Amino acid sequence: MSYNADKTWTPPCPRIMNSLFMAIGLVACGDPGGGDRAALGTSGLVGDAAALAATGPTSTLALSNTTKSIVADRAIVQPRAVALDFPSDRALVLDFNAVLSVDLTTGDQVVVSDASTGQGPMFITPRGIALDLAANRAIVVDSGLDAVVQVDLTTGDRVVLSDDDTVQGPTFASPRAIALDLERNRALVADSILDALLSVDLTSGDRVIVSDANIGSGPLIPALRAIALDLSQNRALVVDSLLDAVLSVDLTTGDRVVVSDAKTGSGPSFGSPRAVALDSARDLAWVTDSTVDALFSVDLTTGERVVVSNANTGQGPRFVTPLAFALDSARNRALVVDPSADGVLSVDLITGDRAEVPRADTGQGPEFSEPAGVAVDGERNRGLVVDFESKSVFSVSLTTGDRVVVSDPNTGQGFDFLAPRAVAFDVLGDRALVVDFEFRAIFSVDPTTGDRTILSDDHFGEGPSFDRPMGIAVDPAHNRALVADDGASAVLSVDLETGDRVVISGSNVGQGPALDGVSAITLDLPRNRALVTTDVSGVGAVFSVDLTTGDRSVISDAEIGPGTSLSVVTGIALDAGRNRALVVDSIFNAVVSVDLDTGNREVLSLSVGGNPTGQGPAFATPAGITLEVVRNRVLVPDLGRRAVFAVDLDTGDREIVSQ
């Protein structure tokens, strides 16, 4: 994720663990200053149950559904920090630019505060969160705002408590983590550029340095990532991802002492510790590490490190990048935010077993892995979804969201898919046509039996070979499919009976700019043209391709048509009644409307960023799009969410059809 120098928003990167995007050559961008191996920022702030109880009385919070949107399994796109609200049995997760509430029993999720919920300055890069339940508020540090922000847990309203404009003291440079010392009415904030631990008065917002290069002795702390308070010992426990260490910081003198690192204490070394929690009853600290992909226990007396949970310790879903966590001592577990779970993982502190906290899924049946393309089979009231990772075609009920595998290595006869990317439905032939860019082929899939036959490749059909086919559309009037081929920078016609291939538009056919980086295609038959998307170096465009001459012209790009610039476009659909194309952009995580006459671009549906449009759960990595005219919506498969969304064509509102 990146932000501009003036703190305006620039959209997030796709999740880099996504194998489809890695396969098609997209490069994930990094987190400024973080050095993270994944494009996911984090900070951890947690303390144990006893410490939380000691901070003052708590009360169960009444959430008004009239002021918040209940979202079943709302996307946790870029989790950064998590805190536990014990009385309400929920976790509050700091995610991208929002605070979410996750019910630990049902999995239901509530948007507590974001650009659409609550008033006040919008988050830019929120890093850490702590709870002051007695005051019904969360306290958030935001390194984009360089501020400490109070969030009302009922209304979602945001108020700056401390920044350069409001109070006295040293200026924040990159605040990343926070812990509350309510007995002293202060927050302790870690700043990873100042290499300092600061105290922030919760009434005045005034800032004072507790420990840095000039205050306190001991090793410097160049990459602070998390804080846990041990008030009984008048110290903070911090983790530093450059020192790969847990340190103790005296809250009076600022002195710093290594508690555990490669030279202090025995056991496996840290790789990049990201979060820490205090377990005073056992004289332990718990630490997550996003390079070793593990949860450690650390003996606070000896510094001994023990891996409690990782790929070799404990059962259940593996960590991918375990980030922040909260300690639930009453249930003897840690709650870890990790992109692998699309939510929250519960980790047993004895066995190391990992389990997903319940999710409010939509529809019954086997789960998607990486849904990449979708087509509508209207006669059967279902969507047909190709899944890249599981190499399969799913049937999805458009009423219930129920999922059934139609074709995969264990269902149906024929060659197995290698890298299915897109799908179209051939109504006249009553079959699904699947593009496989690694097989360099178009498959025909029987929608009942799941049998797979190759319609067109080097061995079936005559004509130029596919190079990297990425998108497909059916032209029933001419008994052909039109295929967008990224490797050939061309659009090819495929005869639906013989599989013969002919270049309709390419370097030697038709006039106009080249189709470099072609990614998706749809047909505008009344105008005898195909609409094709491209992206080159992260700059997207929509082309018109004349189906008779092959001539190409740009409808919309960075220079033609005002509005939101396109980046990595992964799908396109024609909304003829409104004279527009609808494209999905996997970097902006948005559906964008493109006027077919002027090239004007307007956001139809966007769930994160500076100007959200439409209500409902957030996209994570939208990968395709198709029109469902009967219900006045488009269907959008989302790789990161492992879900299929529906987006209303009028309002941009989003709902999950199947997950």
Side-chain angles (χ1 to χ4, degrees), residues 19-26 370-375 384-388 391-393 407 414-426 429 431-445 452-475 480-496 498-510 514-523 530-536 543 545 547 550 552 568-573 584 623-626 637:
S19 58
L20 172 56
F21 275 14
M22 293 171 72
I24 64 178
L26 299 187
E370 287 187 358
V374 61
L384 294 173
V385 178
V386 290
D387 192 291
F388 178 81
K391 307 182 191 326
S392 60
V393 176
S407 186
F415 290 105
D416 292 342
F417 299 124
L418 294 178
R421 171 64 183 92
V423 60
F425 193 69
D426 175 13
R431 59 183 174 175
L433 301 177
V434 176
V435 170
D436 190 307
F437 69 77
E438 189 171 332
F439 217 118
R440 299 181 181 181
I442 306 301
F443 282 78
S444 171
V445 180
R452 299 169 299 280
T453 57
I454 294 177
L455 170 64
S456 186
D457 73 351
D458 283 350
H459 303 287
F460 295 88
E462 302 293 332
S465 299
F466 293 124
D467 191 327
R468 197 175 181 82
M470 298 298 292
I472 187 169
V474 174
D475 178 5
R480 64 182 177 177
L482 279 298
V483 176
D485 193 304
D486 174 33
S489 298
V491 174
L492 291 85
S493 168
V494 178
D495 187 287
L496 291 179
T498 66
D500 290 347
R501 299 169 300 280
V502 176
V503 173
I504 294 294
S505 185
S507 58
N508 297 315
V509 180
L515 295 174
D516 294 332
V518 64
S519 53
I521 186 171
T522 191
L523 296 181
L531 303 177
V532 177
T533 62
T534 66
D535 69 77
V536 178
F543 279 69
V545 176
L547 293 178
R552 301 169 297 277
V568 177
V569 181
T570 52
I572 184 169
V584 289
I625 190 169
T626 194

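Because the structure is a prediction, the values reported are computed rather than measured. Sequential numbering from 1 along the given sequence is applied to the chain's residues.
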Distance-minimising heavy-atom pair for [X] and [Y]:
X    : Y    : result
P420 : V434 : CB-CG1, 3.8 Å
R501 : L492 : CB-CD2, 4.2 Å
A473 : I521 : N-CG2, 4.0 Å
P637 : P371 : CB-O, 3.7 Å
A484 : V518 : CB-CG2, 3.6 Å
S493 : I504 : CB-CG1, 3.6 Å

From [X] atom [atom1] to [Y] atom [atom2], the distance as rounded to the nearest 0.5 Å:
X    : Y    : atom1 : atom2 : answer
K391 : D416 : NZ    : CG    : 9.0 Å
H459 : S465 : NE2   : OG    : 9.0 Å
L455 : S444 : CG    : OG    : 6.5 Å
F543 : T534 : CZ    : OG1   : 4.5 Å
D458 : F439 : CG    : CZ    : 10.5 Å
D486 : D467 : CG    : CG    : 8.0 Å

Worked check of side-chain contact (heavy atoms from CB on, under 4.5 Å) between V386 and F443: CA-CA 12 Å; V386 290; F443 282 78; over 6 Å; no

side-chain contact (heavy atoms from CB on, under 4.5 Å) between V393 and V423, intermediate numbers included: CA-CA 9 Å; V393 176; V423 60; 5.6 Å; no

Answer yes or no: is there a donor N or O on one side and an acceptor on the other, between the side chain of [X] and the main chain of [Y], under 3.5 Å?
X    : Y    : value
T533 : A520 : yes
D436 : L418 : yes
R452 : F415 : yes
D485 : V491 : no
D475 : A481 : no
R421 : A372 : yes
T522 : L531 : no

L433 and L496, any side-chain heavy atoms less than 4.5 Å apart: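 When only atoms from C-beta onward are counted, L433 and L496 do touch, with a gap below 4.5 Å.
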
Test item: R552 and L515 side chains (from C-beta on) under 4.5 Å apart, heavy atoms: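 A side-chain contact under 4.5 Å exists here.
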
Presence of salt bridge, R431 and D426, under 4.0 angstrom: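 A salt bridge links D426 with R431.
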
Non-neighbouring partners of S489 that pass side-chain contact (heavy atoms from CB on, under 4.5 Å), sequence neighbours left out: D516

Flag for D387-S392: side-chain donor and acceptor within less than 3.5 Å: no

Residues V435, I442; criterion side-chain contact (heavy atoms from CB on, under 4.5 Å); working and verdict: CA-CA 5 Å; V435 170; I442 306 301; 3.6 Å; yes

